[in-house]
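Keep in mind that this is a model prediction, so the values were computed, not measured. Quick note: residue numbers are just sequence positions, from 1.
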Amino acid sequence: MRLPDGVLGMSGRGPDWARWVDRLPGRLAALLDEWELTTDGWSMHGYCSIVVPVRTTDGGRAVLKVTFDVDEESEHEHLVLGHWGGRGAVRLLRADPGRRAMLLERLHHEDLVTVPDLEACEVVAALYPLLHQPAVPQLRSVSSYVERWAAALATVPRSAPIPRRMVEQALSLARDLVADPASSGVIVHGDLHYLNVLAADREPWLAIDPKPMSGDPHYELAPMLWNRMDELADDVRAGVRRRFHTLVDAAGLDEARARDWVVLRMVLNAHWSVEDAERDGRGLCADERDWITRCIAIAKAVQD
Ligand SMILES: Nc1ncnc2c1ncn2[C@@H]1O[C@H](COP(=O)(O)OP(=O)(O)O)[C@@H](O)[C@H]1O
Ligand SMILES: [Mg+2]
């Protein structure tokens with residue numbers, strides 16, 4: 001099978017990625033054969049996977065998703081999709097965790113980017129209670145990640161373009177949230193935004209692509225604020241606040257707790273750009289500076 005250019009390009013990210021891309025045609029061919037699938041249209045892809053439309057032997061429409069197999073993020077995707085059993089999320093039909101392969105119910109091409117942002121926030125808020133079920137024991141906790149991320153944030157140089165006051169605030173929030181037992185215990189999707197919600201027949205909208213952890217429902221909001229920011233260009237502060245309050249109100253969340261997680265996540269996002277540049281021994285590029293400015297604007301907007 002010829003891989004889409006976007007997937008071939010993933011090879012450039014490093015040796016682990018190159019190895020994964022090299023093995024992908026063989027892996028796909030073996031899965032198609034073993035699971036008795038026939039291809040049924042052009043392959044799609046996201047950042048770290050290939051998604052091949054297929055038909056099963058009974059003619060059913062499905063997709064075969066194979067994900068990059070070195071990172072931990074997607075390790076438990078099949079577990080939570082199985083646990084959700086199709087409620088609020090795409091249905092898992094079959095999985096081979098060793099090959100990071102899943103056969104999934106086929107959904108429509110249309111995602112939540114096609115819907116005005118506040119309407120999309122209402123859709124996503126209605127998915128939260130379906131997805132935020134008691135955590136399965138295999139999941140890593142958000143708190144364990146935050147501990148690690150905050151330790152790195154504590155070393156950010158004073159010259160970094162993140163206001164020192166915000167770094168201190170994020171470190172203090174991280175300490176409080178990690179110490180709070182309510183910060184773990186439910187399944188959080190981890191990457192729930194406009195592109196990861198697809199239209200369906202059996203329900204209007206279903207989530208795909210979880211990067212699941214054991215966490216707190218209030219952790220979930222931030223990607224709905226930082227995606228589609230271009231649409232807010234004329235008044236970022238008001239636009240972010242409208243989305244934030246729509247999510248909090250529609251999902252019945254605690255505003256202060258949701259705000260704390262947004263502030264922490266946006267400062268961490270900003271810090272990761274600084275870290276990337278440091279690791280490569282270079283200065284921040286224009287895109288990274290712009291992204292850091294956006295992260296700070298969101299963290300400020302939810303606190304005004
Ligand atoms: N069940 C599905 N039905 C139809 N299309 C899908 C399905 N799952 C994924 N896709 C398509 O493949 C793309 C990448 O899949 P996704 O699960 O988001 O992977 P990634 O982790 O790489 O972002 C999606 O944006 C969507 O266009
Ligand atoms: Mg995706």
Side-chain angles (χ1 to χ4, degrees), residues 1-109 111 131 133 135-140 144-145 187-192 195-198 200 206-214:
M1 183 192 299
R2 167 145 173 80
L3 300 176
D5 289 343
V7 175
L8 291 170
M10 294 177 191
S11 284
R13 293 180 193 157
D16 288 342
W17 284 91
R19 207 170 305 120
W20 178 72
V21 172
D22 278 350
R23 289 187 185 150
L24 199 49
R27 185 171 287 190
L28 286 168
L31 287 160
L32 289 169
D33 182 47
E34 288 167 37
W35 291 359
E36 299 182 89
L37 305 169
T38 48
T39 56
D40 185 33
W42 298 108
S43 298
M44 298 166 280
H45 68 89
Y47 180 75
C48 53
S49 68
I50 183 163
V51 176
V52 185
V54 293
R55 296 260 182 180
T56 54
T57 42
D58 60 3
R61 291 151 65 86
V63 299
L64 174 63
K65 176 174 176 178
V66 179
T67 302
F68 175 60
D69 52 9
V70 178
D71 65 359
E72 338 186 298
E73 270 196 332
S74 62
E75 187 184 352
H76 296 126
E77 179 171 359
H78 68 288
L79 256 182
V80 300
L81 288 176
H83 190 76
W84 285 330
R87 282 178 302 277
V90 67
R91 190 169 277 136
L92 176 73
L93 305 175
R94 186 168 184 172
D96 180 342
R99 286 182 281 186
R100 293 276 173 108
M102 294 178 300
L103 188 65
L104 302 167
E105 155 192 31
R106 177 125 42 113
L107 305 178
H108 297 295
H109 283 294
D111 60 32
L131 305 179
Q133 300 292 322
V136 284
Q138 295 90 334
L139 299 180
R140 297 177 190 85
S144 65
Y145 283 106
I187 299 173
V188 291
H189 178 290
D191 194 23
L192 191 50
L195 289 167
N196 283 337
V197 179
L198 299 184
L206 292 167
I208 59 166
D209 198 16
K211 309 279 188 276
M213 291 173 285
S214 167

Pairwise side-chain contact, [X] with [Y], heavy-atom cut-off 4.5 Å (strictly under):
| X | Y | result |
| --- | --- | --- |
| K211 | C48 | yes |
| L104 | L92 | yes |
| L28 | L3 | yes |
| V90 | L198 | no |
| R87 | Q133 | no |

Going from [atom1] on [X] to [atom2] on [Y], what distance comes out if it is rounded to the nearest 0.5 angstrom?
| X | Y | atom1 | atom2 | result |
| --- | --- | --- | --- | --- |
| H83 | H78 | NE2 | NE2 | 13.0 Å |
| M10 | D16 | CE | CG | 14.5 Å |
| T39 | R55 | OG1 | CZ | 11.0 Å |
| L31 | K65 | CG | NZ | 14.5 Å |

Residue set satisfying side chain to side chain contact (heavy atoms under 4.5 Å, CB included) with L103, at least two apart, ordered chain then number -> W35, L37, V54, T56, A62, L93, R94
Taking side chain to side chain contact (heavy atoms under 4.5 Å, CB included) as the definition, give me every residue that meets it alongside E75, ordered by chain and number, with sequence neighbours left out. E72, R100, R140
Are R27 and D69 within salt-bridge range, i.e. N to O under 4.0 Å? yes
Using 4.0 Å as the upper bound for N to carboxylate O, is an ion pair formed by R19 and D22? no
Looking only at heavy atoms, what is the nearest atom pair of [X] and [Y], with distance?
| X | Y | value |
| --- | --- | --- |
| L139 | S214 | CB-N, 3.8 Å |
| M213 | G190 | CE-CA, 4.5 Å |
| V63 | P53 | CG1-CA, 4.1 Å |
| L206 | G86 | CD2-O, 4.1 Å |
| A30 | R99 | CB-NH1, 3.9 Å |
| A89 | L131 | CB-CD2, 4.1 Å |

Only counting residues at least two apart or in another chain, list the ones meeting salt bridge (Lys or Arg N to Asp or Glu O under 4.0 Å) with D58. none
Using modelled atom types and a 3.5 Å cut-off, is there a donor and acceptor pairing between side-chain atoms of N196 and backbone atoms of D191? yes
Under a 3.5 Å distance rule, please check whether W20 uses its side chain to pair with a backbone N or O of T67 as donor and acceptor. yes
Go through the steps to decide whether R106 and D40 satisfy the test side chain to side chain contact (heavy atoms under 4.5 Å, CB included), and finish with yes or no. CA-CA 11 Å; R106 177 125 42 113; D40 185 33; 2.7 Å; yes
Taking the six-membered ring for Trp, are Y47 and W17 parallel (under 30°), tilted (30 to 60°) or perpendicular (over 60°)? perpendicular
Applying side chain to side chain contact (heavy atoms under 4.5 Å, CB included) between V66 and each of V52, I50, V51, report the one that passes. I50
Within a 6.0 Å radius of atom CZ on R13, are there more than 12 heavy atoms belonging to other residues, nucleotides or ligands? yes
